[in-house]
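What follows is one structure encoded as structure tokens, with my remarks underneath.
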Amino acid sequence: MNIDTRVARFEPAPGDPYRPTSTPLYQTATFEQESADEFGEYDYSRSGNPTRAVLERQIASLESGRFGFAFSSGMAAISTVLRATLLGEGRATPVSGDLFVGQDLYGGTTRLIERILAPRGVNVHRADTTDVQALRRCLENASPGFWLFLESPSNPLLHVSDIEGVGHVVHESGGRLIVDNTALSLYLQNPLELGADLVLHSATKHLGGHGDVTAGVVATNDELLADALTFLQNAEGNALPPFDSWLLLRGLKTLGVRLKHECASALELARFLERSSFATRVYYPGLDEHPGREILERQARGYGQLLSFETGDVELSRRICEETSLFTIAVSFGSANSTISLPCRMSHASVPESALASGRVQRLPRDLVRVSVGLEDVEDLISDLESTAARKCIRVVSS
Ligand SMILES: *Cc1c(COP(=O)(O)O)cnc(C)c1O
């Protein structure tokens, strides 16, 4: 079935005798047992809850995975996954502790890797995942059992990696692949189908879609890894609570219509920026000259709703962010409303200077503006940006 049908239709309440048409919110911490030593399907919501179970099944199904997990945030998901894969936490088998990361990762992911995982013995290596041949050479001497973590398209520079090609090279070299699929969401791209071993999302973005819940989700076909994640989720108590799971299920149903609208608007906005006098460089994978456009067309069902641009002037970029009226200045993306940000000062300000200085992490242009296109009318969005930039250009020149 088509993805539009699959996001909208799923079994809302397996086993519920009243057959509700939307998933009930099982807002309970405990479940009564038959007796002291007989446990039902659920006993305690940290370990499992029916609302969360519907969500986790739906995530697994939409990502073509056997196992799905919902965590209290994207970072909780990433942290749990990386500790299971690289430090062997929750697992019986030893692991290598070698992590290759694609360039241009979410700032919080870099902070986690640099400040929490590296000091605990994870060896972090940087790799250019946009060039499969260069990656093959880079991985030649990697010790088997390593993991590679990438975002495609990456945030905020929108570098595109050939997920299938990267997966081949990684597997040939004895490693495994994790894809952070937040930027496009499972509506537009399914990395497990392209050969990734695990896919995760900050569900705070598109999957929730309304900017009212923080959540992270994971899907995989690897049973041993799934066992470790189940163990850690219960042992540490970082699973998504019932109400947040319910909000996420509600948001997920409209994922398709939201993204279709937003992708169409983002392409128009990117083309407008390309023609404009104030944007000196535009990053959007749907533009003809974007180096990753053809790869993206092969592996995804759309270009996404995130775009970035430079103005050549940090002050102008800052004023555009602060003074547009329809774009809220805010971190995050994928909400029903359009947002705008200066990644260097906002979402990526947490990247440690040591990582930038060593070259392990790419420095972002300081004048880079990131736009997340929401559900507003695209003509309104364009005229808002156009008139704000026109006012600000005059003031920057005259001051
Ligand atoms: C936001 C984001 C995260 C972190 O998710 P939270 O829900 O904020 O914890 C991870 N990866 C990417 C690509 C993100 O955009």
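Ligands are counted one by one from 1 in listed order, and the atoms in each one are counted from 1 as well.
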key: Side chains of E63 and H201, donor plus acceptor under 3.5 Å   = yes
message = Please list, in number order, the atoms of ligand 1 under 4.0 Å from a heavy atom of E151.
response = 13 (C)
query = Where's the contact between L105 and ligand 1, heavy-atom distance under 4.0 Å: side chain, backbone, both or neither?
reply = neither
request  = Answer yes or no on whether K260 is positioned over the face of Y303, meaning its NZ or CZ is under 6.0 Å from the six-membered ring centre and within 45° of the axis.
outcome  = no
query = Under 3.5 Å, is there a donor-acceptor pair between the N234 and S47 side chains?
reply = yes
task = Specify the protein heavy atom at minimum distance from atom 4 (C) of ligand 1: its residue, its atom name, and the distance to 0.1 Å.
result = Y106 CE2, 3.4 Å
task = For ligand 1, note which part of A215 has a heavy atom under 4.0 Å away: side chain, backbone, both or neither.
result = backbone
task = State the atoms of ligand 1, each with its element, that fall below the 4.0 Å cut-off from a heavy-atom position in S202.
result = 1 (C), 2 (C), 3 (C), 4 (C), 5 (O), 6 (P), 7 (O)
ask   = Are F146 and F100 an aromatic pair by the rule of ring centers under 6.0 Å?
value = yes
key: Close-contact set for ligand 1 against F333 heavy atoms, below 4.0 Å   = 15 (O)
query = Identify the closest protein heavy atom to atom 15 (O) of ligand 1: which residue and atom is it, and at what distance?
reply = K205 NZ, 2.7 Å
N155: numbered ligand 1 atoms lying under 4.0 Å from its heavy atoms = 15 (O)
remark   = among protein heavy atoms, the one nearest atom 9 (O) of ligand 1 is M75 N, 2.8 Å
key: Working for side chain to side chain donor-acceptor pair (under 3.5 Å), residues S161 and S152   = CA-CA 6 Å; S161 297; S152 178; 4.6 Å; no
request  = Provide the closest heavy-atom pair for N49 versus T28 in the form atom of the first, atom of the second, distance.
outcome  = ND2-O, 3.8 Å
task = Return the option from T204, T182, D180 holding the heavy atom at the smallest distance from atom 11 (N) of ligand 1.
result = D180
request  = Would you tell me whether R9 and T5 have side-chain atoms, one donor and one acceptor, within less than 3.5 Å of each other?
outcome  = no
request  = For residues 3-59, pull every pair meeting ring-ring contact (aromatic ring centres under 6.0 Å, His included), keeping only residues two or more places apart or in separate chains.
outcome  = F31-Y42
query = Near I78, which atoms of ligand 1 are under 4.0 Å from a heavy atom of that residue?
reply = 10 (C)
message = If the cut-off is 4.0 Å to any non-hydrogen atom of G74, which atoms of ligand 1 fall inside it?
response = 5 (O), 6 (P), 7 (O), 9 (O)
